[in-house]
Amino acid sequence: LWPWLLASSGLSAVLQLVTLPFFPDSPSYLLIQKGNEEACRKAIRKLWGEGDHQAEIDDIMKEKVAMTSTKTLRVIEVIKERSLRWQLYILMTVMTTLQLCGINAIYFYSFEVFHTAKFEEYLIPYVSLGVGLCECLSSILCTTLIDRFGRKVLLWGGYTLMCSVLALLTMTLSLQHQFFWMHYFSVILIFLFVIFYGIGP
């Protein structure tokens, strides 16, 4: 079953490949990249119906002017540019913490934690699948929360909750041989960690 489950992810790619030629080009692409105003108007009418869409075309033209006046920087130029220094630091910090937040360790050791929690051998892959599903659902939830709370609140909140869960998980894993219920608490903490990861970082 698992080889088929892994192969099923290719179905969405095949579906996209088959349907992609039938999708219309975006108006901004047709006007900015191709320089074809008539095709742009046709695409706008196809997307938004008949009517006067001159305001949208004017907006795209402004975008085109802004893009032509903007200089494309190389990586070294971005690093040397003082006005971009803080944005670069923030980006590097976010990307570094994302790699070192512990999600890979959680996924790597979750099988062992589930095994220690006395789950049946055949159930463990499905529990692991549930962990992945939790991440997927929490990422979808994040899209609704980000507009309400903002990216900064979700980042700080997510990392704070993840640190708290990791501290508790360290404690439960240390005490799992003394209290039988600690195994189940560890499993709950793994699910919570993945949810907070999906909502935050």
Side-chain angles (χ1 to χ4, degrees), residues 1-13 73 75-76 78-201:
L1 184 64
W2 283 103
W4 288 105
L5 194 62
L6 281 171
S8 66
S9 60
L11 286 175
S12 60
L73 298 175
V75 176
I76 294 294
V78 170
I79 293 168
K80 288 180 178 177
E81 183 63 48
R82 293 181 76 82
S83 62
L84 300 174
R85 194 84 31 101
W86 273 110
Q87 292 93 318
L88 193 62
Y89 288 155
I90 291 166
L91 185 66
M92 285 171 65
T93 304
V94 170
M95 289 296 106
T96 306
T97 51
L98 195 62
Q99 291 302 314
L100 301 175
C101 70
I103 189 70
N104 295 324
I106 288 290
Y107 276 124
F108 187 77
Y109 288 110
S110 61
F111 186 89
E112 192 178 321
V113 172
F114 298 149
H115 187 73
T116 313
K118 303 292 189 292
F119 278 100
E120 295 290 337
E121 200 74 35
Y122 73 93
L123 281 176
I124 291 174
Y126 295 102
V127 180
S128 299
L129 190 65
V131 172
L133 189 63
C134 264
E135 185 180 350
C136 182
L137 292 174
S138 59
S139 298
I140 294 167
L141 177 64
C142 177
T143 58
T144 58
L145 294 175
I146 198 164
D147 291 330
R148 178 179 255 182
F149 299 108
R151 188 73 182 137
K152 192 187 287 187
V153 172
L154 289 182
L155 274 172
W156 277 108
Y159 279 124
T160 304
L161 291 168
M162 284 163 64
C163 284
S164 306
V165 168
L166 280 179
L168 284 170
L169 188 60
T170 304
M171 190 173 70
T172 57
L173 289 174
S174 302
L175 299 172
Q176 65 183 355
H177 299 297
Q178 296 178 34
F179 305 98
F180 75 94
W181 49 269
M182 280 291 182
H183 305 303
Y184 304 106
F185 196 40
S186 299
V187 172
I188 293 166
L189 288 172
I190 285 173
F191 276 91
L192 282 174
F193 182 87
V194 171
I195 289 166
F196 295 147
Y197 173 80
I199 292 172

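Count residues from 1 along the sequence. Nothing here was measured: the structure is a model prediction, and the numbers come from that model.
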Got a second to check how far [X]'s [atom1] is from [Y]'s [atom2], nearest 0.5 Å?
X	Y	atom1	atom2	result
Tyr126	Glu120	OH	CD	13.5 Å
Leu166	Met171	CG	CE	12.5 Å
Leu169	Tyr109	CG	OH	12.0 Å
Glu121	Phe114	CD	CZ	13.0 Å

> Okay, side chain of Arg151, backbone of Gly200: is any donor-acceptor separation there less than 3.5 Å?
Replying inline: yes

> What pairs with Ile188 under side chain to side chain contact (heavy atoms under 4.5 Å, CB included), at least two apart in sequence or on another chain?
Replying inline: Leu192

> Among all residues two or more places apart in sequence or in another chain, which pass the side chain to side chain contact (heavy atoms under 4.5 Å, CB included) test with Ile79?
Replying inline: Val75, Leu88

>> More than 12 heavy atoms of other residues, nucleotides or ligands under 6.0 Å from CD of Glu112: yes or no?
In response: no

>> Can you confirm whether more than 12 heavy atoms, excluding those of Phe185, are under 6.0 Å from its CZ atom?
In response: no

For residues 129-146, please give each side-chain donor-acceptor pair under 3.5 Å, one per line with the distance, not counting sequence neighbours.
{"from": "Glu135", "atom 1": "OE1", "to": "Tyr107", "atom 2": "OH", "distance (Å)": "2.3"}
{"from": "Ser138", "atom 1": "OG", "to": "Cys134", "atom 2": "O", "distance (Å)": "3.0"}
{"from": "Ser138", "atom 1": "OG", "to": "Glu135", "atom 2": "O", "distance (Å)": "2.9"}
{"from": "Ser139", "atom 1": "OG", "to": "Glu135", "atom 2": "O", "distance (Å)": "2.8"}
{"from": "Thr143", "atom 1": "OG1", "to": "Ile140", "atom 2": "O", "distance (Å)": "2.4"}
{"from": "Thr144", "atom 1": "OG1", "to": "Leu141", "atom 2": "O", "distance (Å)": "2.6"}

> Does Tyr89 have any ring pair (Phe, Tyr, Trp, His ring centres under 6.0 Å) partners at least two apart in sequence or in another chain, and if so, which?
Replying inline: Trp86

Pairs of donor and acceptor atoms involving the side chains of residues 152-164, under 3.5 Å and at least two apart or interchain, shall be tabulated with distances.
{"from": "Tyr159", "atom 1": "OH", "to": "Thr97", "atom 2": "OG1", "distance (Å)": "3.0"}
{"from": "Tyr159", "atom 1": "OH", "to": "Leu98", "atom 2": "N", "distance (Å)": "3.4"}
{"from": "Thr160", "atom 1": "OG1", "to": "Trp156", "atom 2": "O", "distance (Å)": "2.6"}
{"from": "Ser164", "atom 1": "OG", "to": "Thr160", "atom 2": "O", "distance (Å)": "2.9"}

>> I want to check something: taking the side chain as every heavy atom from C-beta on, are Ile103 and Phe193 in contact at a cut-off of under 4.5 Å?
In response: yes

> Any side chain to side chain donor-acceptor pair (under 3.5 Å) pairs touching residues 185-201, not counting sequence neighbours?
Replying inline: Thr172-Ser186

